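Worksheet: one structure, shown below.
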Amino acid sequence: MTNQLFCYWLQGYFEISRTATLNAKQACLIEKKLRSITEELGSFTNWLLQVLEYLKRLQYRPETMNFFLPFIKRSLSTIFLHVIDNSYNTEKSHAELKAIHDGMA
Amino acid sequence: MFGTSLITSISSAEIKHIEITQDWSAADEEQLMQWNLQIAELKKELEKEDEIASKDIDDINKSMDIERQIWELEEEITKITCPKEAVISSLLSKKLPRNMFGHIDSHINKIKNKTIINITSMEDTSHKIRLNDFFASSGIPIDITTKVDNDIIDILSFSNHRYKDLVSWLKNPSTQFIKKFYPPLKFWGMLPTLIKKDVEDDQSNLREDDSKEHKDNLFALTHSEHQIIALFSEKIKDLETQYNKLVDQTSSFLSKNDRPRARLQQQITQIQKAKKNLELPEDKEMTKSLNALFPQFHDTSITVNIARKEKKILISFFPCEDLEGIKKVFDAFCSDVTIKYKNHKSLHNKGVSLKINLNQREQLLHGISLIPSSEVAFIDAPSMAKC
C-alpha cells in the first residue's frame, strides 16, 4: 500500500464508520493499515503513526483519543484538498471535492 | 552581626542547576533546613536593625520637640526683655508719608537699654537720606541702618533715656515730614490744608497716645521678670544639653552609611531565591512547549515549576479566564489534573493554576509535541506531493 492509498482507505473508513469518537479497536486497525504502507512514510502518515503509538502507550485513554481525532480528520482533509485533489484533472471545483470528502455531497 | 562562617555559607546560596526529575534527597532536605536557619537568623538581625532605626527616628522626633520648646521659651524671654512699643509706632505712622513708608514696628530692648524702630520702606534710593534729615531735626542721636531682605527695612536705634524726648518731639505739631522735606509736586497746592489737618490730628492724638504710654517699668526689668528669665534660661540650658546629646546620637547613626540592613536584606533574598530553585525549580522546557501550544494567550504569562518534594508540576496562567479550554487540553494528556482559578490579591485579575503529577511530565511533553502546529502542517511533505 502507498501513502496515497492509505489516505483513500482512511477517508473511506471515516466515511463509512461515521464515527465521532475513536476506540482502541479502531485505533489498532488504523495502525495495522498504516504499517502495511510499503514505501517510505510521508509526513502525515509518519505523524499519524507517532500519534497511534502514543495512544497505545497511554492505553488508548478515551480523553486522549478524542482529543486527537479532530486533528487526524482535519489533517487528512487538508491532504486531500491541497495534495491529492490537485493531482487529478477534474472539472469539479475544490469546494465540491471538499464536500465529497467531508461526506456532505 | 554575623560571624564569618554564616556569611561564607550564605555565599554558597547560588542558583544551581537542578535536574527537575531528580528525586528530593536527604541532602536537599539538609540544605533546605540550613537555609531556613540562616534566613531565621538574618531576619533576627534585620529586626535588630529596624529597632535601632526606629529608636533613632524617635530620637530625631524628640530633638525636634526640644528645639520647639527652646524656641517657645526664647520667645517668652524676648517678650519680657524686648516688649512691643506702641506710642512711637503710632506717632511715626502719622508723621511719615504712606506712599514712601509702610509697616512700622518698635520695641524696647531692656537689656541693651535701647529703643528699636523698624520701618519698612517703599523705595530704595532716597528714603534713608530723608529719614536721616527728618530725625536729625529732633536733635536726638539716632542710629539708622538699612537691612535689605525681601523688603527694605530701616532699623532705627536710640538710647532709652531719650525715649520721652523723641515722643515729645513727635507729638509736636510742627514736626512734619512733608512740610519740611520733599513733598510730591502734586501736593504743593494742597499743602496749607494738609498741614492744618496734620496739626489737628496731632492734637487729638496727644490725648490718645498719653493713655498708651508705659509706666515706670517701661525700660527696666522687674524682680519677677528677672526670676522668670533666670528660670527660663536654666530650662533652655537643660533642653540644649538634651538636644545636643540626641543630635550626637542621631548624627552618628545617620553618618553610618554602611548600615547592614540592605546587606542583610540582600542575603535573605539570595537564600530565598536559592531555596525556591531547590524546592520549586522552573521547568523551562515545559514553559516553552506551553507557550507554543497556546499562542492565543499572548498576554498571558505561563510559568511552570516543579514541586520536587510533592512530585507535582505547578503550572500557572496569568492573567487567564479560559479554565475550560485549558482543562480540556491537560485532561487529554494527564489524569488527576487539579485545576482552579486563582485570584491575584493585588491585581484584581483572574488566573488559572494547575497541579499535575510529576510522573506524567514526559507524556504531557510528548503529547503536546504531537499536536500539529497548523491546519496545513503536512502539505509540503514531498512524499505526499508525489501522490
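In this text the structure is predicted, and so the values were computed from the model without any measurement.
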Check: Is there a side-chain contact between B:Val329 and A:Phe67, using heavy atoms and a 4.5 Å cut-off?
Finding: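 Yes, their side chains come closer than 4.5 Å.
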Are more than 12 heavy atoms from other residues, nucleotides or ligands located less than 6.0 Å from atom [atom1] of [X]?
{"X": "B:Met64", "atom1": "CE", "value": "no"}
{"X": "B:Gln272", "atom1": "CD", "value": "yes"}
{"X": "B:Lys276", "atom1": "NZ", "value": "no"}
{"X": "A:Lys73", "atom1": "NZ", "value": "yes"}

Next item on the list: Write out, in numerical order, the residues from residues 51-63 of chain A with a heavy atom short of 4.5 Å from a heavy atom in chain B.
Entry: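 Checking residues 51-63 of chain A against chain B gives A:Val51, A:Tyr54, A:Arg57, A:Leu58, A:Arg61, A:Glu63.
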Note to self: Between A:Thr64 (side chain only) and B:Ala332 (backbone N and O only), is there a donor and an acceptor less than 3.5 Å apart?
What the structure shows: yes
Check: Nearest heavy-atom pair of A:Trp47 and B:Leu370: which atoms, and what distance?
Finding: NE1-O, 2.6 Å
